[in-house]
Amino acid sequence: MKIAFLTLGCKLNYAETSTYERGFVSNGLEVVDWEDKADVYLVNTCSVTERAEKKCRNVIRKVHRVSPDARIIVTGCYAELRKAELEAIEGVARVFGASEKPLVVPETLEILSRQGALLSMPEEGIAPGGPGRPWPGEREGPGANEVSGGRDLPVGDNTLLRREDGKTSSSILQAYSSEERTRSFLKVQDGCDNFCAYCTVPYARGRSRSIPIQSAVEQAAEIAASGIKEIVITGVNTGDFGRTSGESFLELLKRLNDVEGIERYRISSIEPNLITEGIIDWIASGTKFQPHFHIPLQSGSDTILNRVRRRYTTSFFADRIDYIRSKMDPHPGQPEGNLKPYVFFGIDVIAGLPGETGDLFEETYSFLRDRIKPAFIHIFPYSRRPGTIAATWKDQVRDSVKTLRVERLEALCSELHEDFIRKNHGRVSQVLWESDIKDGMMGGYTGNYIRVTRPCDPSKINTIEDIIL
């Protein structure tokens, strides 16, 4: 049996797909490219924008044309929010929502077995735990896989976004990626309780929940045993780790820092109000965690932040950035001040949120250019998501205006990134060389996430080297 994987969306999806892949391979399936007419396709979907959903539908239809007899398995955020819509697409054999992710491997194998596609599978079981029973990717413990009964999740006012079954998941699929030789994405948290006015994530991925710290440590040790040197800690709302379990994000970081074989860690997107001074102080004290932060801003206007229900002000955001820089940036008079690299900040911004007038956009633009000065801006045009509060507001921004604002922010991003590279020139940093090789050159990232290249030397792959930027 041949299986192919297609993943759209965030790094969480990639970590989950990688975990599914290991499960299928351990059960005897052969992984092939999607163009090789596989017997089974697993499509992990995204629903963050209307464009993402359209792309998912097109991908499913395309693989059906490539291999009309194949069984197409669909999971991910789009699968949770629009299950019936996906089930109606020709070729789709099964759609797994958020609460069903731990069953993707065993139930798919059961489908194949029932249809006579797994004739060579051993009689003692088609999957770890057997069909329909908990798979090792599933969190264990009381209530770990319960589904809350029939309750809608409020998004404010009197508007509710309803899942088709009126339920939300409290299960969590433990997952990490293993395709790259140098870096792995380790999922430690899933879901979100923030219910920002524009966002469907709490409905697509459920309420905030985490894996136990001990499980994260054990998975990090597995990653290290495979030879991977760097882990990116990922989650939907990563800093919310442990809120319901009594554990803390800082405790998680400290335990992971002790895992032998992992030399570098990065924290993926973390809310500004959840990256505390205690976390910053500890990272700055000399740890494996790199001077690289990805922090969502979404808008540099307090008017917009308040309206879409973000949990901070621009003043708080700026103060948090200042605090990190005060602890981790080079400063005159420090012994290492002339050599130490500057901290990398990647900032998420949504252009054209409802109610964003020209003046309010200028507030965002000026806040980024003059106050925050990040190394990179991740720019997203606002996408109107059905069922959210923001989708009902009358003061939507025209697409043509959003396009112009995205273009201005992209130009600003280029300027700021060039400034960041220039500011780090001549400073010492450590680069982890990757296995991607093109035109005789190999590349890698420094601790503060600057991409560098060098002539190819296979002996350098997956090694960390001091360089002068």
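Starting from 1, each residue takes its place in the sequence as its number.
- In this model, a donor atom of one side chain and an acceptor atom of the other lie less than 3.5 Å apart for Ser178 and Arg22.
- A search for side-chain contact (heavy atoms from CB on, under 4.5 Å) contacts involving Ser269 returns His294, Pro296, Asp348, not counting sequence neighbours.
- Looking at residues two or more places apart in sequence or on another chain, you find a side chain to side chain donor-acceptor pair (under 3.5 Å) between Glu218 and Gln214.
- Note on Lys187 versus Asp190: salt bridge recorded, some NZ/NE/NH1/NH2 to OD/OE distance being below 4.0 Å.
- Around the NZ atom of Lys55, the shell of radius 6.0 Å holds no more than 12 heavy atoms that belong to other residues, nucleotides or ligands.
- Note that the CD atom of Glu271 and the CZ atom of Arg320 stand 12.5 Å from one another [nearest 0.5 Å].
- In the displayed structure, Lys423 atom NZ is contacted under 6.0 Å by more than 12 heavy atoms of other residues, nucleotides or ligands.
- One distance of note links CZ of Arg325 with CG of Asp322; it measures 7.0 Å at 0.5 Å rounding.
- Donor-acceptor pairing under 3.5 Å is recorded for the side chains of Asp457 and Ser459.
- With values rounded to the nearest 0.5 angstrom, Ile324 atom CD1 is found 10.0 Å from Asp329 atom CG.
- With rounding to the nearest 0.5 Å, the separation of NE2 in His292 from CZ in Phe345 is 10.0 Å.
- Taking 4.0 Å as the cut-off between side-chain N and carboxylate O, Lys83 and Glu100 count as a salt-bridged pair.
- Between atom CD1 of residue Ile172 and atom OG of residue Ser215 there is a gap of 9.5 Å, rounded to the nearest 0.5 Å.
- The side chain to side chain donor-acceptor pair (under 3.5 Å) test applied to Tyr78 returns Arg57, Glu85, not counting sequence neighbours.
- The distance between the ring centers of Phe185 and Tyr176 does not fall below 6.0 angstrom.
- Ion pairing between Glu251 and Lys254 fails under the 4.0 Å rule for side-chain N and carboxylate O.
- Here Phe316 pairs with nothing under the ring pair (Phe, Tyr, Trp, His ring centres under 6.0 Å) rule; sequence neighbours left out.
- Under the side-chain contact (heavy atoms from CB on, under 4.5 Å) criterion, Ser383 pairs with Thr49, Glu50, Arg385, not counting sequence neighbours.
- Residues Arg307 and Pro354 are in side-chain contact: their nearest non-hydrogen atoms beyond the backbone lie under 4.5 Å apart.
- Listed by chain and number, the residues in a side-chain contact (heavy atoms from CB on, under 4.5 Å) with Ser245 are Glu247 (sequence neighbours excluded).
- Residues forming a side chain to side chain donor-acceptor pair (under 3.5 Å) with Ser47 (at least two apart in sequence, or on another chain): Glu53.
- Take Lys229 and apply the salt bridge (charged side-chain N to carboxylate O under 4.0 Å, His left out) test, not counting sequence neighbours, and it matches Glu263.
- A donor-acceptor pair shorter than 3.5 Å cannot be found between the side chains of Gln430 and Glu465.
- Using cut-offs of 30° and 60° on the angle between ring planes, the pair His417 and Phe376 is perpendicular.
- In summary, the side chains of Asn44 and Thr75 do not present any donor paired with an acceptor at a separation below 3.5 Å, with no hydrogens or angles considered.
- Considering Arg309, Arg207, Arg243 as possible partners of Asp193, the one that fulfils the salt bridge (charged side-chain N to carboxylate O under 4.0 Å, His left out) test is Arg207.
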Give every donor-acceptor pair under 3.5 Å between a side-chain atom in residues 279-286 and any protein atom, sequence neighbours left out.
from   : atom 1 : to     : atom 2 : distance (Å)
Asp281 : OD1    : Tyr323 : OH     : 2.7
Asp281 : OD2    : Tyr323 : OH     : 3.2
Ser285 : OG     : Trp282 : O      : 2.5

Identify all side-chain donor-acceptor contacts of residues 448-455 below 3.5 Å with residues at least two apart in sequence or on another chain.
from   : atom 1 : to     : atom 2 : distance (Å)
Asn448 : OD1    : Thr446 : OG1    : 2.6
Asn448 : ND2    : Tyr342 : O      : 2.9
Asn448 : ND2    : Asn424 : OD1    : 3.1
Arg451 : NH1    : Glu434 : OE1    : 3.0
Arg451 : NH2    : Asp436 : OD2    : 2.7

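- Aromatic ring pairs are classed by plane angle as parallel below 30°, tilted from 30° to 60° and perpendicular above 60°; the pair Phe289 and Tyr265 is parallel.
- Under 3.5 Å, the side chains of Ser208 and Asp240 contain a donor-acceptor pair of N or O atoms.
- Checked against salt bridge (charged side-chain N to carboxylate O under 4.0 Å, His left out), Arg51 has no partners two or more places apart in sequence or in another chain.
- Of the inter-residue distances, the one linking Leu297 atom CG with Ile350 atom CD1 reads 9.5 Å to the nearest 0.5 angstrom.
- Between Glu277 and Lys327 there is no salt bridge, since none of the side-chain N atoms of the basic residue sits less than 4.0 Å from a carboxylate O of the acidic one.
- Applying the side-chain contact (heavy atoms from CB on, under 4.5 Å) rule to Cys192 yields the partners Asn194, Val201, Pro202, Val236, Asn237; only residues at least two apart in sequence or on another chain are considered.
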